[in-house]
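For reference, the structure is listed below as structure tokens.
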Amino acid sequence: MSLKIQQQETPWQRLTARLPESGNWNQEEGLSLPEVDQQKAIIVQMQQQVQLSNLLNEINNEIRSTLDIEQILTSACRLLGQALQCSRASILVKESNTEKTLVTRGEYNAGDYPIQLGMKVPITDNPHLAAVVSGQESLALTKFLDFPGLNAQTRKIAETLEIKSMLAVATRYQGEVNGIIGLHQCDREREWTDWERQLLEGVASQLAIAINQAKLYSKTRRQAERESLLRLIGNQIRSTLDLGTILQTAVREVRQWLQCDRVIIYQFEDNWQGKVVVEDMTVPWPSILGDMGEDKCFRGNYADLYQQGRVKAINDIFNAGLEPCHVDFLDSLQVKANLIVPIVTSGSEENLLATAGSPVKFPGKLWGLLIAHECGDTRNWQRQEMELLSQLADQMAIAIQQAELYSQVREAAVKSQAQTQQLQAAMQELRSTQQQLIQTEKMSGLGQMVAGIAHEINNANNFIHANLFHAQEYFKVLNEAIELCGNACPEAAEAIVRINEELELDYVRDDFGKLLNSMREGSSRIRAIVMTLRNFSRLDHAEFKAVDLHEGLESSLLMLQNKLKSNIKIDKQYGNLPPVKCHAGQINQVFYNLIDNALDAIAWADKPGELTIRSWQSEPDWVTISVRDTGSGIPAHIQDKIFDPFFTTKPVGKGTGLGLSVCYQVIVQAHGGRIRCVSQVGEGTELIVELPLTNQKG
């Protein structure tokens, strides 16, 4: 506490500095000692008058420059503190004539002493303040803590504020006390002079007028703020249907306008219990948002009173005649005083009954309560404060009704939209299923046709293939017979030579064996083609079986042989794959669709291209098949749509949009695999299929 702010030179100090030393007065002026003392007294009086005049002038200038009471009182405290060189100067103000509590509204602090600004001090519990208020003159205390009657709480506050000496005077306007000016000396005990008391009393009369004017201005401004607050909430209701925003704005603005410690909105639930749904508070008071505990004293008859519009103001919970359980409940929330206003929404209809010629309106629903809490001290709630909260509660009720109506309309709209979306999804699914059934039937029909053709070709080829062996044997027998005839009969030998010259018998005998070998190779090729066709249809593998995927790729390439133009290069990079358990026919259909799309993409690029088919075992339990083309590629913004039913990038009339959709269903849904697209415009597209080796869906 040793650090202090350097004091400015006062008018008193400036005037004294120009006077000669007291020992030199006789020599310079030729005066006797009594005459010197008389002159000194006159000069001191002049100094005091100048000081008082200057101080009042500066305070008057502050009063004329603003109507803000905090600014006026703070400036007055600063001028007083500097003029009298005290540790602290403070001004406490009564909020109303009936108020028994003073609030520190202005302060000057000459060092690092504790701040008093904003502190509320009751008059009744502080005998020194009661003495100031009841007396017409200032109260000067050299030893503050020795003042008779100080209670423990007052002593604790004085010790906290480090008050050692005090000089205080009441400010009176038209005989009514509206404040107290207090000067504190904190670093030492101080004897207050009569002149200091007179100066303080002179300033008090001037400040009493300023306080009164500022309070009138504050009242007018408060009324304007009240109208502004009502306008703000009204505009908020009209501009938004967000109930949370409206209620949060309301409690924040109400707390600031009331300058209280906490404002909440309590919403009722069952059995007149509920929770705090909105809150605004100041530190250090705790939050009670949510479940603030059960008030066991709140009964149905209280709800009836609030439903009728009752406003309840409790200035002091301990002296308001409340039931002990209710006092305990409020005390647990650290509430000293509160103001309760009901939020009543109107009924579902304005039920009016004519009774004796007068309409009677039924009360609405008690939705909740708007409550202001004073936690630090008791408070006398003013009528205008009750009226404002009542008006705000009415506006909140309107906002709540609008929000509930909007919620009902939005809920109905959401349900209607959901039903519409469900219907559209069902129609889409039905259409997709229908088209997929058609596609499946087409592929199934193609498989059956291929299987039938393969069977018929195979039957015919079997006759040829089986008889080629016998034909070769017969050729050997005939060859041997001709040789025997030539050797056994000279005439026959001559005939054979002649026949050989005419019919080139030696060439026929030599070439016939080659012809039979060529026929055998052709028959074997037919048998291989038939086997490939059967592999594609896979009618003998309808259930899950372990198959060689490379066979399916080869059979698909064979089925698309007519699309393999001379300008398309096929690059097959097959890895070492284990057998994969799957529906072979469905997987072959996937390979067929992927290769077919890739060949179309290369053809539409209108330039030589390359089809690359790769396979590898990507993970211990997964295999991967990649089909890549060098076509035009797929734009990034539509890559997520290519597996949707009926979505196609092909020209109109060239595609159904079902090929990749069927691939997705077969790979992902039927086999628990993965399929993805990697594509860049101008560089081609790669479709990657990943299948688990042990498929659980089988």
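Checked for salt-bridge contact, Glu610 and Arg628 miss the test: no charged N lies under 4.0 Å from a carboxylate O. A salt bridge links Lys563 with Asp596: at least one charged nitrogen is closer than 4.0 Å to a carboxylate oxygen. Salt bridge status for Glu404 with Arg410: absent, with no side-chain N to carboxylate O gap under 4.0 Å. Arg252 and Asp280 are not joined by a salt bridge, as no carboxylate oxygen comes within less than 4.0 angstrom of a charged side-chain nitrogen.
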Would you check, one step at a time, whether the test side-chain hydrogen bond (donor to acceptor under 3.5 Å, both in side chains) holds for Glu279 with Tyr266? CA-CA 9 Å; Glu279 174 189 57; Tyr266 184 86; over 6 Å; no
Would you check, one step at a time, whether the test side-chain contact (heavy atoms from CB on, under 4.5 Å) holds for Lys569 with Leu611? CA-CA 6 Å; Lys569 178 183 176 182; Leu611 172 66; over 6 Å; no
Audit row: Ile642, Ile634, side-chain contact (heavy atoms from CB on, under 4.5 Å) steps and yes/no: CA-CA 9 Å; Ile642 62 173; Ile634 302 173; 4.2 Å; yes
Working note: Thr685 + Cys677, criterion side-chain contact (heavy atoms from CB on, under 4.5 Å); need CA distance, chi angles, decisive distance, verdict. CA-CA 7 Å; Thr685 301; Cys677 171; 3.9 Å; yes
Quick one, Val689 with Arg674, criterion side-chain contact (heavy atoms from CB on, under 4.5 Å). Give me CA distance, side-chain angles, the key distance, then yes/no. CA-CA 6 Å; Val689 172; Arg674 301 185 289 257; over 6 Å; no
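Listed here is the closest heavy atom pair of Leu693 and Pro620: CD1-O, 3.5 Å. The shortest heavy-atom contact between Leu577 and Trp616 is CD2-C, 3.5 Å. Heavy-atom minimum distance, Ala397 versus Val344: CB-O, 3.3 Å. Cys663 and Leu594 get closest at one heavy-atom pair: SG-CD2, 4.2 Å. For the pair Ser556 and Ile595, the tightest heavy-atom approach, listed with the atom from each and the gap, is CB-CD1, 4.0 Å. Of all the heavy atoms in Ile570 and Leu564, the pair that sits closest is CD1-CD2, 3.6 Å.
In this structure, the side chain of Ser416 does not engage the main chain of Ala412 through any donor-acceptor pair within 3.5 Å. A donor-acceptor contact shorter than 3.5 Å is absent between the side chain of His373 and the backbone of Val263. Here the side chain of Ser615 pairs a donor or acceptor atom with the backbone of Gly575 at under 3.5 angstrom. In terms of modelled atom types and a separation under 3.5 Å, the side chain of His550 and the main chain of Asn576 share no donor-acceptor contact.
A donor-acceptor contact closer than 3.5 angstrom is absent between the side chains of Ser679 and Glu686. Looking only at atom types and distance, the side chain of Asn588 has no donor-acceptor partner in the side chain of Gln586 under 3.5 Å away.
In this structure, Leu553 CG and Leu557 CG are separated by 7.0 Å, a value rounded to the nearest 0.5 Å. If you take NZ on Lys365 and CD1 on Ile400, they are separated by 9.0 Å, rounding to the nearest 0.5 Å.
In this structure, Tyr474 places its OH atom where only 12 or fewer heavy-atom neighbours from other residues, nucleotides or ligands lie under 6.0 Å away. More than 12 heavy atoms of other shown residues, nucleotides or ligands fall within 6.0 angstrom of atom CG in Asn562. Surrounding CG of Asp606 are at most 12 heavy atoms belonging to other residues, nucleotides or ligands under 6.0 Å away.
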